[in-house]
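Here it is, the structure, as structure tokens.
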Number of protein chains: 2
Amino acid sequence: MTSIYDIAKMAGVSAATVSRVINDERYVSPETREKVQKVLRKTGFVPNANASSLTKKRTNTIAVVVPDITNPFFTEIIRGIEEQASAQKIAVILFNTDEDMDKERGALRFLMEKRADALIIASTASFAKHITSHLSAEIPLVLLDRQPKGLKADLVRSDDHRGAQMLVDYLVALGHREIGFIKGKDGISTARLRLEGYLQALEKHGLGPDEKLIVSGDFKQEGGREGMLKLLALACPPTCVITSNNLEALGALAAIRQMGLSIPEDISLVCFDDLELASQVYPFLTVVAQPVRTMGAVAAQLALERLDGNVQKPREVVMQMTLLERKSARRV
Amino acid sequence: MTSIYDIAKMAGVSAATVSRVINDERYVSPETREKVQKVLRKTGFVPNANASSLTKKRTNTIAVVVPDITNPFFTEIIRGIEEQASAQKIAVILFNTDEDMDKERGALRFLMEKRADALIIASTASFAKHITSHLSAEIPLVLLDRQPKGLKADLVRSDDHRGAQMLVDYLVALGHREIGFIKGKDGISTARLRLEGYLQALEKHGLGPDEKLIVSGDFKQEGGREGMLKLLALACPPTCVITSNNLEALGALAAIRQMGLSIPEDISLVCFDDLELASQVYPFLTVVAQPVRTMGAVAAQLALERLDGNVQKPREVVMQMTLLERKSARRV
DNA sequence: TTGTATGCGTTATCAA
DNA sequence: TTGATAACGCATACAA
């Protein structure tokens with residue numbers, strides 16, 4: 001592989017000078033600069049970023065760890081991150097965890113070895129022990145959507161509490177009194193906040209919570225399907241159901257169809273997080289949506305700001321959710 | 001930062017030995033190995049992969065360049081790649097090009113600097129000059145979905161030609177005679193093959209092509225919208241339309257609604273590539289789908305095989321498309 | 001303004 | 001089986 005030493009030789013200067021030209025530093029005479037650049041162009045030389053990261057202590061790399069890149073919620077966020085990052089010549093390394101702790105640990109280990117400059121993570125964990133222990137304290141960390149316990153770090157999330165209230169308000173206004181709820185993954189902050197918001201909103205409307213109407217889920221389709229089947233099997237099923245995220249709603253949808261029922265005639269269904277493209281094809285599912293692309297961009301910026309030195313205390317950015325009314329809930 | 005030298009000192013051995021332990025090499029006595037590993041564990045030492053890549057000449061990194069990670073077609077492919085890669089301790093660096101040549105060039109340059117071990121790319125270019133010139137010839141290259149001219153490399157794609165025929169056969173069987181076509185991005189192999197397949201199929205059915213029924217597109221929503229508006233403005237609009245990819249179909253859908261028409265009552269619409277989740281919510285759009293997740297996995301494997309030495313000549317993997325019949329086309 | 005020398009954290013080579 | 005020592009490709013302090 002050709003190195004700056006080879007270039008130096010060809011240009012009749014020292015390697016240091018070549019380095020200076022490449023990095024656009026001052027203190028290089030216009031003549032030598034031109035001389036070096038000519039060789040650079042002619043040879044099509046590409047400096048080795050890994051080598052330079054060794055001395056610079058920066059890899060210009062930011063790691064993104066999410067449960068599932070296939071979920072449009074995360075896809076859009078990643079897009080937002082990538083846009084910001086690549087505009088600043090920073091690469092994005094991607095990791096899927098599949099909501100699996102071991103995979104998450106593996107990802108953390110890996111990105112540490114690669115010395116990523118920053119980490120943006122939607123963690124699958126309830127507690128942050130594994131994060132704090134795997135991650136060196138210096139590396140900028142931005143929590144996305146979810147906040148594991150025991151960790152002070154930047155956080156970009158939406159107002160889940162308020163989102164839940166919007167959903168319940170909406171359903172109550174339509175006349176629903178028995179509102180089922182499929183919970184999110186156990187131990188995840190987002191899941192808890194959404195449940196709490198739901199419970200509070202019920203209380204506000206003078207509707208005592210009915211334990212039987214609250215079933216567990218895992219933020220995945222399968223969990224949503226099982227949860228919905230459980231609700232439908234009730235002696236007195238709810239007239240509508242809220243799922244804790246978009247994927248669960250898809251599973252619930254499948255369950256409902258499986259039972260030969262239809263939405264919203266037989267049962268209403270709403271959820272957290274939009275389906276993006278899916279909602280364009282057929283504006284069907286009523287949801288409270290988060291400004292996903294923006295969230296990604298914000299997360300990237302928070303990370304990059306820390307990179308550029310300005311050390312600050314943990315910041316929390318809370319976005320507003322929007323109710324997108326479509327056709328999956330009816331008046332009763 | 002602590003290095004293997006520090007570990008060596010603490011363990012009372014040389015750095016070389018520490019390196020051997022870390023890399024699980026032979027020729028380390030069980031006792032010293034245990035001694036070193038104890039220190040490794042106690043300190044939570046994480047080796048610097050960039051430094052090691054310097055000598056090993058491998059970064060354990062594979063770059064993926066796609067037009068838009070937000071398109072479920074690519075999302076699923078990336079998922080397939082990531083699964084394969086991370087199983088082999090290989091990281092995925094992600095780049096969006098937005099169908100923009102400059103961004104693609106930037107991505108190529110960047111991944112070269114990072115010395116990615118391999119590249120999987122769905123190129124936005126008609127010609128591969130910029131790829132061959134930016135990329136060193138040694139780095140394993142897998143073309144995804146699209147094949148720019150002037151480049152011999154591994155290729156993973158689907159049988160676009162055949163897919164087009166399936167679509168036309170299907171529509172003709174429904175009684176359609178005026179079949180509109182919104183083309184893909186100019187100069188992209190996939191776009192060309194799909195158009196050719198369409199034309200041939202028409203001929204097979206004794207339907208001469210009507211120039212007015214073929215409009216241009218760009219593989220993006222906006223292009224699909226404009227194309228469809230053009231078709232709808234015709235004195236004698238087609239009874240059905242094929243778009244060259246899923247995004248264009250979404251745009252076409254918007255155009256149709258904008259004109260106050262509905263599918264499939266007023267006009268039928270089918271396309272290449274599935275919408276994944278969208279099709280789960282509401283199985284609406286009839287498409288010919290590619291086995292996306294698998295394609296990603298295959299692409300990753302082709303790349304990794306080359307990495308592991310077994311040099312071979314360019315391979316081409318052609319997948320079969322599947323017609324997924326849904327509700328966006330009606331009998332006439 | 002330029003060059004020399006050294007270090008960044010590993011691995012590979014060669015002796016011991 | 002282990003340890004010096006020299007790369008790997010680049011950046012930087014220091015000297016010139």
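In what follows, every chain begins at residue 1, and chains take the letters A, B, ... in the order their sequences are listed. None of the values given here were measured: they were computed from a predicted structure.
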C:dG3 phosphate, OP1 or OP2: any side-chain N/O from A:S14 under 4.0 angstrom?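 For C:dG3, OP1 or OP2 has a side-chain N or O of A:S14 closer than 4.0 Å.
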Quick check: on DNA chain C, is the nucleotide nearest A:A15 upstream (toward 5') of the one nearest A:Y27, or the reverse? Name the residue that is more 5'.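 It is A:Y27, whose closest nucleotide lies nearer the 5' terminus.
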Return the nearest nucleotide to the side chain of A:T17; candidates are C:dC14, C:dT2, C:dT11.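 Taking heavy atoms from C-beta onward, the closest nucleotide is C:dT2.
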Between C:dG9 and A:R115, counting only base atoms on the nucleotide and side-chain atoms on the residue, is there a donor-acceptor pair under 3.5 Å?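 Absent.
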Starting the side chain at C-beta, find the nucleotide from D:dC8, C:dG3, C:dT2 nearest to A:S29.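 Nearest to the side-chain atoms of A:S29, counting from C-beta on, is C:dT2.
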Side-chain contact test, heavy atoms from C-beta onward, threshold under 4.5 Å: evaluate it for A:V317 versus A:L302 and give yes or no.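 Result yes, sub-4.5 Å side-chain heavy-atom pair found.
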Measuring from the side chain of A:P47 (C-beta onward, heavy atoms only), which nucleotide among D:dA7, D:dT12, D:dC10 has the closest atom?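 Nearest nucleotide to the side chain: D:dC10.
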Locate the shortest heavy-atom distance separating A:D145 from A:T190; write the atom from each residue and the value.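 Closest approach of A:D145 to A:T190, heavy atoms only: O-OG1, 2.7 Å.
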For the pair B:E99 and B:K220, find out whether any cationic side-chain nitrogen is under 4.0 Å from an anionic carboxylate oxygen.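 Between B:K220 and B:E99 there is no salt bridge, as every charged N stays at least 4.0 Å from the carboxylate O atoms.
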Checking contacts here: which listed nucleotide (D:dA11, D:dT5, D:dT12) is nearest the side-chain heavy atoms of B:Y5?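 The answer is D:dT5.
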Measure from the side chain of A:S3, starting at C-beta and using heavy atoms only, and say which of C:dT10, C:dC14, D:dG9 lies closest.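 Per side-chain heavy atoms of A:S3, the pick is D:dG9.
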Using only side-chain N and O atoms of B:T32, determine if any of them is under 4.0 Å from OP1 or OP2 of D:dT2.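 Yes, such a contact exists.
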Among C:dA12, D:dG3, C:dG3, find the nucleotide with the atom closest to the side chain of B:K56.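 Nearest to the side chain of B:K56 among the choices is C:dA12.
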Look at the side chain of A:S19 and decide which nucleotide, out of C:dC8, D:dC8, D:dA11, has an atom nearest to it.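 Of the candidates, D:dA11 comes closest.
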A:D102 and A:R105 ion-paired at < 4.0 Å: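 The answer is yes: the pair qualifies as a salt bridge.
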